[in-house]
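Notes for the one structure printed next.
Being a predicted model, the structure only gives us computed values, none of them experimental.
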Amino acid sequence: MDVLPRGDGLRFALTHIVAPLLAFAALLLVMRWLDGDQWIADRLYAMQGGRWALRDAFLTQHVMHTWGRGFGIALWLAALATWFVARHRDDMASLRAPLAYLLVAVVLSVLCVAWVKSWSNMDCPWDLVRYGGDRPFVGLWQVRPLGLERGACFPAGHAGGGYAWMALYFFLGAARPRWRWAGLAAGIGLGLAFGIAQQLRGAHFASHDLSAAAICWAVALITWRVFRPALVRSRWLAAGFGPETKA
């Protein structure tokens, strides 16, 4: 018995590395170099009457942004509490390694997004002259004009906090394989909800969200590879084979 997804061969590489990489690259090409970002932002801005009317709205600011962040933290703390319980209950032994993986993958995803954001130096749409701000657009690889305040909007931190839960795919692949696609859908759905809310506020372009999703998927995949031996043992333990080992 193995932990899903199975194997390290060509099929795994194509479905979990090559296909996502090509999809992210194609979408980023459309958003950044074919002006997809501006096309979407222009319409969101016009839809709100030529201003970011939803920037401080209750739903987008308080529910989706402030409460959404709290929801993500609460989810992580609930997983941590469950891991502590699993450490002391024999009937939950098979969940120890998967929960440990999930906790680490989510934290690393959030930290990696924040790290890139700390040096990328890009502005939010609401900062730009095109959308009622006072700054010119400066691309990721362009030299920022002297005296222009630094930007801190790329990639999207809030959306990243949702996409970090794509790690549920690998967690459930070890704990409840039949539910793994539901776990992936939950992570994507949470990231989309947070990301769309922030785009409606003028806080991010679509490419900011896509970049956060790409980082989170890469972190989830790499972390899964590191944890894979322990996750395989968990599947054996869940099936009633092998000694109990704490993760």
Heavy-atom check, side chain of Tyr169 versus side chain of His16, under 4.5 Å: yes
Student check: side-chain heavy atoms of Arg228 and Tyr101 closer than 4.5 Å: no
Pro136 to Val129 - nearest heavy-atom pair and separation: N-CG2, 4.4 Å
Main-chain N/O of Ser118 paired with Arg150 side-chain donor or acceptor, under 3.5 Å: yes
Sub-6.0 Å ring centroid separation between Trp179 and Phe171: no
Backbone of Arg32 reached by a side-chain donor or acceptor of Asp37 within 3.5 Å: no
For the student: nearest non-hydrogen atoms of Ala167 and Ala105, plus distance: CB-CB, 3.7 Å
Which atom of Pro98 lies closest to which atom of Ser94, heavy atoms considered: CD-O, 3.3 Å
Glu149 atom CD, over 12 foreign heavy atoms within 6.0 Å: no
N/O donor-acceptor pair under 3.5 Å between Arg55 side chain and Thr60 backbone: no
Close side-chain approach of Asp123 to Cys153, heavy-atom, < 4.5 Å: no
Flag side-chain contact, heavy atom, 4.5 Å: Arg130 against Arg135: no
Pair Ile196-Met64, side-chain contact (heavy atoms from CB on, under 4.5 Å): steps then yes or no: CA-CA 10 Å; Ile196 291 171; Met64 297 303 296; over 6 Å; no
Sub-4.5 Å side-chain heavy-atom contact between Trp39 and Asp35: no
Donor-acceptor under 3.5 Å (Gln198 side chain, Ala203 main chain): no
Thr66 side-chain N/O to Gln61 backbone N/O, donor-acceptor pair under 3.5 Å: yes
Contact summary for Ala86 and Met92, nearest pair of heavy atoms: CB-O, 3.7 Å
Residue pair Arg201 / Trp52, side-chain heavy-atom distance below 4.5 Å: no
From CG (Leu190) to CD1 (Ile188), nearest 0.5 Å: 11.0 Å
Side chain proximity check, Leu128 to Phe205, heavy atoms < 4.5 angstrom: yes
Min side-chain heavy-atom separation Met122-Phe137 under 4.5 Å: yes
Tyr131 and Asp42: CA distance, side-chain angles, deciding distance, side-chain contact (heavy atoms from CB on, under 4.5 Å) verdict: CA-CA 8 Å; Tyr131 303 112; Asp42 285 352; 2.7 Å; yes
Atom pair CG/CZ of Leu99 and Phe84 - distance to nearest 0.5 Å: 11.5 Å
Heavy-atom closest contact (Ala159 atom, Gly195 atom, distance): CB-CA, 3.8 Å
Distance in Å, Arg176 CZ paired with Leu168 CG, rounded so as to fall on 0.5 Å steps: 13.5 Å
Test applied, ring-ring contact (aromatic ring centres under 6.0 Å, His included); reference residue, Trp217; option that passes from Tyr163, Trp165, Phe170: Phe170
Main-chain N/O of Leu103 paired with Trp76 side-chain donor or acceptor, under 3.5 Å: yes
Shared hydrophobic cluster for Leu108 and Leu231 (ILVMFWY, side-chain gaps under 4.5 Å): yes
Where His65 and His158 come nearest, the two heavy atoms and their spacing: O-CE1, 3.1 Å
